[in-house]
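Worksheet: one structure, shown below.
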Amino acid sequence: MKIKSFLCVLLLSLLAGGVFAQVQTGPVHPKREFRAAWIQAVNGQFRGVPTDKLKQTLISQLNSLQGAGINAIIFQVRPEGDALYASRLEPWSRFLTGVQGKAPEPYWDPMQFMIEECHKRGMEFHAWINPYRTKTTLKNELAPGHVYNIHPEWFVTYGDQLYFDPALPESRRHICMVVSDIVSRYDVDAIHMDDYFYPYPIKGKDFPDDASFARYGGGFGDRGDWRRSNVNILIKKLHETIREIKPWVKFGVSPFGIYRNESNDPLGSKTKGLQNYDDLYADVLLWAREGWIDYNIPQIYWQIGHPVADYETLVKWWAKHTENRPLFIGQSVMNTVQHADPNNPSV
């Protein structure tokens with residue numbers, strides 16, 4: 001996520017029939033609010049912290065969030081093909097212990113701990129995974145048992161990062177196995193992905209998938225359509241994986257805040273920024289339309305009046321294009337504090 005603070009709060013009313021179980025009080029199902037916070041690992045706040053101290057930090061965060069009215073936690077458990085939980089498939093995360101593959105001492109399972117603490121407080125727990133990213137920088141060392149060291153042919157390097165190749169059936173199969181393992185063994189309320197599908201483009205560098213396109217791109221005249229198809233297949237398979245194991249567990253995404261600009265598509269928003277559909281190959285509206293996702297949280301991290309991506313314009317656009325799926329709005333706490341509403345500067 002393109003934000004430095006460790007929490008990002010999202011606040012919007014939930015459409016009827018959404019993430020939370022509805023409590024019937026008469027013939028009408030009341031709307032519930034989904035008030036959630038992301039807690040990320042990649043900012044380094046957990047790395048190398050002694051177990052007892054880290055537990056107390058997390059408890060303090062949960063207590064503060066509970067006091068603020070938060071009722072769901074989106075907790076990062078798989079930052080780069082690793083785990084902040086006792087995975088059967090991937091190594092312990094360096095964002096927990098400082099060294100990938102090193103188990104915490106004394107031993108504990110952060111995801112299980114957070115599930116229990118969230119549920120004690122009446123909060124939902126959403127397990128946040130990053131599907132393709134494997135190295136946030138090439139300088140990072142991977143544990144000997146990391147899948148990259150077993151199947152390096154499944155991966156590609158782009159810029160200073162390493163990724164599962166989204167085109168490969170083997171990549172999709174592995175990611176689905178990871179999700180299956182989490183859903184089978186943990187009492188999660190949802191699986192969550194943020195904005196990292198195909199990586200954010202690097203100026204002057206195309207994503208290195210020539211070989212994969214030559215092998216799997218038959219029938220696609222446009223590489224962008226093929227890349228979108230690769231991500232669509234993963235999203236559909238993850239939906240099916242979760243439904244088969246625990247139909248009540250939700251699957252949600254938090255994409256970049258712009259679907260498409262109106263200059264590229266009459267359906268698009270009056271914005272001028274990077275686009276999910278064209279640049280990250282994430283066809284979020286299709287996923288919602290097909291029912292492959294259970295909620296959508298676009299990251300609208302800009303202020304009202306932003307010259308490229310105006311907050312008010314984007315909120316209204318997404319509200320018109322929910323595709324009958326629950327819609328929430330991802331907010332940047334820092335941006336909200338720093339930029340007053342020009343129409344209500346005292347609020």
Side-chain angles (χ1 to χ4, degrees), residues 1-9 36-65 70 73-118 123 125-149 155 157-164 175 178 181-182 186 188 191-196 199-200 254 299 332-334:
M1 293 194 172
K2 305 290 185 180
I3 184 167
K4 294 181 180 179
S5 59
F6 82 92
L7 291 178
C8 217
V9 178
W38 284 287
I39 297 182
Q40 62 169 297
V42 295
N43 62 351
Q45 66 165 331
F46 305 150
R47 186 182 299 151
V49 177
T51 296
D52 288 343
K53 183 178 179 180
L54 182 49
K55 286 181 178 181
Q56 288 305 311
T57 297
L58 291 170
I59 286 172
S60 176
Q61 290 178 1
L62 290 178
N63 288 341
S64 295
L65 291 166
I70 297 300
I73 298 297
I74 303 171
F75 186 73
Q76 191 170 30
V77 301
R78 185 182 186 262
E80 45 182 14
D82 53 7
L84 276 86
Y85 64 97
S87 174
R88 296 174 176 176
L89 299 166
E90 296 182 316
W92 284 99
S93 176
R94 68 183 181 87
F95 289 109
L96 179 64
T97 63
V99 178
Q100 190 179 81
K102 180 182 178 182
E105 297 177 5
Y107 185 86
W108 70 304
D109 186 323
M111 181 157 69
Q112 182 60 37
F113 174 82
M114 286 293 285
I115 290 170
E116 292 172 1
E117 293 297 326
C118 286
M123 294 173 162
F125 179 91
H126 295 220
W128 165 17
I129 71 170
N130 300 91
Y132 300 125
R133 187 177 62 200
T134 307
K135 282 189 177 185
T136 53
T137 171
L138 295 178
K139 297 176 183 177
N140 296 338
E141 292 189 11
L142 298 177
H146 193 285
V147 66
Y148 171 79
N149 291 318
F155 297 82
T157 298
Y158 183 56
D160 189 40
Q161 298 191 342
L162 183 71
Y163 298 89
F164 280 90
I175 295 164
V178 168
D181 182 48
I182 292 172
Y186 291 89
V188 299
I191 295 294
H192 178 92
M193 290 183 178
D194 59 350
D195 51 326
Y196 293 108
Y200 280 75
S254 179
Q299 297 173 25
S332 162
V333 174
M334 190 65 67

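Basis for what follows: all heavy atoms, side chains included, without hydrogens, waters or symmetry-related copies.
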Looking only at non-hydrogen atoms, find the nearest pair between [X] and [Y] and report the distance.
X    : Y    : result
N149 : A143 : ND2-O, 2.7 Å
C118 : F125 : SG-CD1, 4.1 Å
L138 : G159 : CD1-O, 3.8 Å
Q161 : K135 : CB-O, 3.2 Å
G98  : R47  : CA-CG, 3.6 Å
V188 : A127 : CG1-CB, 4.1 Å

[X] side chain to [Y] backbone, donor-acceptor under 3.5 Å:
X    : Y    : value
T57  : K53  : yes
S87  : A83  : no
Q76  : A41  : yes
T157 : L162 : no
H146 : G81  : yes
D160 : T137 : no

Residues E141 and R94 bridged, charged N to O under 4.0 Å: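 Result for this pair is no, no salt bridge flagged.
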Atom [atom1] of [X] and atom [atom2] of [Y]: how far apart are they, to the nearest 0.5 Å?
X    : Y    : atom1 : atom2 : answer
M193 : Y132 : CE    : OH    : 7.5 Å
T134 : L142 : OG1   : CG    : 7.5 Å
N63  : L65  : CG    : CG    : 9.0 Å
Q112 : L84  : CD    : CG    : 14.0 Å
L58  : F113 : CG    : CZ    : 6.0 Å
W92  : K102 : CH2   : NZ    : 13.0 Å

For a 4.5 angstrom cut-off between non-hydrogen side-chain atoms, does [X] reach [Y]?
X    : Y    : value
P79  : T136 : no
W108 : L54  : yes
S93  : E80  : no
L62  : M114 : yes
S254 : H192 : yes
T51  : Y107 : no
E90  : V178 : yes
Q61  : I39  : yes

Cation over ring, R133 on Y163, under 6.0 Å and within 45°? no
Take W128 and R78 through the test side chain to side chain contact (heavy atoms under 4.5 Å, CB included) and record every step on the way to the result. CA-CA 7 Å; W128 165 17; R78 185 182 186 262; over 6 Å; no
Given side chain to side chain contact (heavy atoms under 4.5 Å, CB included), test H126 with I73 step by step and report yes or no. CA-CA 6 Å; H126 295 220; I73 298 297; over 6 Å; no
What do the steps show when you test D195 against Y200 for side chain to side chain contact (heavy atoms under 4.5 Å, CB included), and what is the final call? CA-CA 9 Å; D195 51 326; Y200 280 75; 2.5 Å; yes
Do the ring planes of F155 and F164 sit parallel (below 30°), tilted (30 to 60°) or perpendicular (above 60°)? tilted
With side chain to side chain donor-acceptor pair (under 3.5 Å) as the criterion, how do D181 and Y186 come out once you've worked through the C-alpha distance, each side chain's angles and the decisive distance to 0.1 Å? CA-CA 8 Å; D181 182 48; Y186 291 89; over 6 Å; no
